[in-house]
Asks: 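This is the structure I have questions about; it appears just below.
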Amino acid sequence: MKNTTYIDSIAEFKDKQATISGWLYNMRKGGKLRFLIVRDGTGTIQAVVSKTDVNEEVFALCDELTQESSIRVTGKVVADERAPSGFEMQVSHLELVSKADEYPISLKEHGTDFLMDNRHLWLRSSRQFAILRVRHEIIAACRAFFDDRGFTLVDAPIFTPNACEGTTTLFETEYFGSKAYLTQSGQLYQEAGALAFGKAYCFGPTFRAEKSKTRRHLTEFWMIEPEVAFCDLDGDMDLAEEFLEYVVQRVLKNKARELATLERDVTKLQNVKRPFPRISYDEAVAILKKENVEFQDGNDFGGTDETVISEKFDRPVMVHRYPSAIKAFYMKNDPTDFSKALCVDVLAPEGYGEIIGGGQREDDYDTLKNKILHHNLPLEAFEWYLDLRRYGSVPHAGFGLGIERTVTWLCGLSHVRETIPFPRMMHRLRP
RNA sequence: UCCGGCGUAGCUCAAUCGGCAGAGCGGGUGGCUGUUAACCACUAGGUCGUAGGUUCAAGUCCUACCGCCGGAGCCA
């Protein structure tokens, strides 16, 4: 609309008139003063209405306003040290656009379940606002990183005819009379992308029907998955650490205000610079043994195992060469130790766990075909995938980064559910 | 699926050994010229998750069920 100023650029209007279009976040009353806290989607500002400065209708209108009513306020922008943003508005005119019904979310404490029932409104609160702005920055940084390095976006399908890895539980849906599944990874399709475009990535939602009820799980989450032709495990790890350093440092630079709102200790994030420590699975197991953690050699790491390992380092740690028995069929075996896979997991610091999983893919036709058969997967469903080894196979590698876990880590949150606008969990389909 | 925890006002919670169902916030009314989750006074607001049972008496004890939470497993 015409003549609207956004709060994040209010400094340009110091000692001048401006009009802000937004919503009433909160109001405090004095006898002849009204303090309107107005938010407009770019920030919040205090608008002061003094009975001596405005006509009676405007002052009376203040007392009509309810929390989250939409309004337009006009007045002089003045610097004030008491204001969090450094500026406040001395109101000369106030217009009510739409009066809000009694708003369910007060500024006091609420329970998570109640807030999630009102997620469509909760998004307006300052914490959620800050988290989703960090999410936006992370996604923008991910795309910019790959775009700037010659990667081509080759998005993978969401409907798939079969389970990618044949392990996790998938959501099943009806597809014109036959079964289809919602994808759990764009990984296999991305390999086709890499062999066509050299460097490719996809970014989209993925789905897991596991009945997980933990702070780290969603049934629908977003993943960015690069894949590179003529790349081995070492090159994959080089890419992953350069990528993470870029994303974290960019968020620190561009979203400092949001991180401050979240009271994030950014000193922990400033350490996220190359090189990251690289340890083998066997070395990671040795750490657990030294810390007297009960652990069965050959198993995958649990949540607490990952925390113990990551706490040994001040930045993300890359754990490579897990036993191939506990990894997906498409992982290439280590030629120097056939029991290990050429894979890597990146564990975030501070106990935030696995945020990246990836590795070098099996590029030999016969070996891959045997692995598919050994995993009891339907060969005919993977004929196209085997074609990638039949027609000009090359060493290639890639990884997947979970967006929500990354947001959780960078924001310092205790649960992934606040890192996506409308989370989908086992007991959460609405709103 | 297994293990553990929780269901009381619109919201967040309290209620001692089984003995009159309460507070703060939010709503309403009024007051206050610098408030920062403002404050002060007054006020309305209840199927104590559901169904049984024990008891003179149940929010409280017992049984079943429902709902939710997060830990394991699985993973990003």
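What you are looking at is a predicted structure, and each value in this text was computed from that prediction instead of being measured. Numbers restart at 1 for each chain; the letters A, B, ... are given by sequence-line order, proteins then strands.
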Asks: Quick one: closest heavy-atom pair of A:L239 and A:F145, and the distance?
Replies: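 So the minimum-distance heavy-atom pair works out to CD1-CE2, 4.0 Å.
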Asks: How many Å lie between CD1 on A:I105 and C1' on B:G26, as a whole number?
Replies: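 Atom CD1 in A:I105 sits about 12 Å away from atom C1' in B:G26.
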Asks: Should stems be defined as at least three consecutive Watson-Crick or G-U pairs with both distances under 3.5 angstrom, which of them involve RNA chain B?
Replies: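 Stems (3+ consecutive pairs) listed as B:1-7 with B:66-72, B:10-13 with B:22-25, B:27-31 with B:39-43, B:49-53 with B:61-65.
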Asks: If you restrict it to nitrogen or oxygen atoms, what contacts under 3.5 Å exist between nucleotides 29-34 of chain B and the protein, and what is each distance?
Replies:
from	atom 1	to	atom 2	distance (Å)
B:U33	OP2	A:K32	N	3.3
B:G34	O2'	A:R82	NH1	3.1
B:G34	N1	A:E88	OE2	2.8
B:G34	N2	A:Q46	NE2	3.3
B:G34	N2	A:E88	OE1	2.7
B:G34	N2	A:E88	OE2	3.2

Asks: Could you go through nucleotides 43-45 of chain B and list every protein N or O atom that sits under 3.5 Å from one of its N or O atoms, giving the distance for each pair?
Replies:
none

Asks: Nearest of B:A76, B:C74, B:C25 to any side-chain atom of A:E210?
Replies: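 Among the listed nucleotides, the one closest to the side chain of A:E210 is B:C74.
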Asks: Between A:F221 and A:T66, just flag the one whose closest nucleotide in RNA chain B comes earlier from the 5' side.
Replies: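 Residue closer to the 5' terminus by nearest nucleotide: A:T66.
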Asks: Which atom pairs link the protein and nucleotides 68-72 of chain B when you take only N or O atoms and keep those under 3.5 Å?
Replies:
from	atom 1	to	atom 2	distance (Å)
B:C68	OP1	A:H427	ND1	3.4
B:C68	OP2	A:H427	ND1	3.3
B:G70	OP1	A:H415	NE2	2.9
B:G70	OP1	A:R417	NH1	2.5
B:G70	OP1	A:R417	NH2	3.1
B:G70	O2'	A:K213	O	3.1
B:G71	OP1	A:R215	NE	2.4
B:G71	OP1	A:R215	NH2	2.5
B:G71	OP2	A:R215	N	2.9
B:G71	OP2	A:R215	NE	3.2
B:G71	N7	A:K213	O	3.4

Asks: For residues A:D40 and A:T42, is any side-chain donor paired with an opposing acceptor at under 3.5 Å?
Replies: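 Yes, side-chain donor-acceptor contact under 3.5 Å.
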Asks: Does A:A256 have any side chain to side chain contact (heavy atoms under 4.5 Å, CB included) partners at least two apart in sequence or in another chain, and if so, which?
Replies: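 With sequence neighbours excluded, A:A256 shows a side chain to side chain contact (heavy atoms under 4.5 Å, CB included) to no residue whatsoever.
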Asks: Please tabulate, one pair per line, all N/O donor-acceptor pairs under 3.5 Å involving side-chain atoms of residues 51-58 of chain A, not counting sequence neighbours.
Replies:
from	atom 1	to	atom 2	distance (Å)
A:T52	OG1	A:S50	OG	3.0
A:N55	OD1	A:E57	N	3.2
A:N55	OD1	A:V58	N	3.0

Asks: Evaluate the ring planes of A:Y385 and A:F329, with Trp represented by its six-membered ring, and classify them as parallel (under 30°), tilted (30 to 60°) or perpendicular (over 60°).
Replies: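 A:Y385 vs A:F329 ring planes: perpendicular.
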Asks: Determine, using ring centers only, whether A:F197 and A:F151 are less than 6.0 Å apart.
Replies: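 No, ring centres 6.0 Å or more apart.
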Asks: Would you indicate what A:N26 reaches in the nucleic acid, counting non-hydrogen atoms under 4.0 angstrom: base, sugar-phosphate, or nothing?
Replies: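 The answer is sugar-phosphate, as A:N26 gets under 4.0 Å only of primed atoms, P, OP1 or OP2.
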Asks: Is the centre of the A:Y322 ring less than 6.0 Å from the centre of the A:F301 ring?
Replies: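 Ring-ring flag for A:Y322/A:F301: true, centres closer than 6.0 Å.
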